[in-house]
There are 2 protein chains.
Amino acid sequence: MKAKVHITLKTGVLDPQGKAIGHALESLGFGGVEGVRQGKYIEIDLDETDPGKARAAVRGMCEKLLANTVIENYAIDIGE
Amino acid sequence: MKAKVHITLKTGVLDPQGKAIGHALESLGFGGVEGVRQGKYIEIDLDETDPGKARAAVRGMCEKLLANTVIENYAIDIGE
């Protein structure tokens, strides 16, 4: 199975990298950009064939390693 | 409008960061991980209200700044 994980900063947490991208876009002439937030996207290939077990395993990975749950949210998509 | 952009390394391009995550997961006791690829996820808030124009603008941003198209692919989702 393949798990797709999105890790994003929680609302209210400052995102200097996103801000830098926003400024860079502006100075390149891209108008109308109200805000930019940068997150991480991780694809994990798993041996597991049961979607429920795969999701539980990936949730554990997020809690223990992939996300800093103090300042970050994570979302997990399980697919083929 | 909100644009969600996924930037991933092209197939065949080495991903040392993904490999490092894979090794870390293994040493934390998560078995059955066949591979990990790390990419970027960027959310952009746009003034633009026309989905077609928004997509075109974001495509320009990807080509000029967000993605290194030699080694990276990008995918754009336009939504509310």
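The chains referred to below are lettered A, B, ... by the order of the sequence lines, with proteins before strands, and numbering in each begins at 1.
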Top contributor to chain A interface from B/I21, B/V5, B/I7, B/I44 [non-hydrogen pairs under 4.5 Å]: B/I44
Atom pair OG1 (B/T8) and CZ (B/R37), whose distance is rounded to the nearest 0.5 Å: 8.0 Å
Greatest number of heavy atom pairs closer than 4.5 Å to chain B - which of A/G35, A/G31, A/A54: A/G35
A/K2 side chain near A/E43 side chain, heavy-atom distance below 4.5 Å: yes
Closest heavy-atom pair and its distance - A/Y41, A/H6: CD1-NE2, 3.6 Å
B/L28 versus chain A, the contacting section by heavy-atom distance below 4.5 Å: side chain
Within 6.0 angstrom of A/K19 NZ, more than 12 heavy atoms from elsewhere: no
Region of A/L46 that comes under 4.5 Å of a non-hydrogen atom in chain B: both
Between B/G60, B/A3, B/G22, the one whose heavy-atom pairs under 4.5 Å with chain A are most numerous: B/G60
A/R55 side-chain N/O to A/I76 backbone N/O, donor-acceptor pair under 3.5 Å: yes
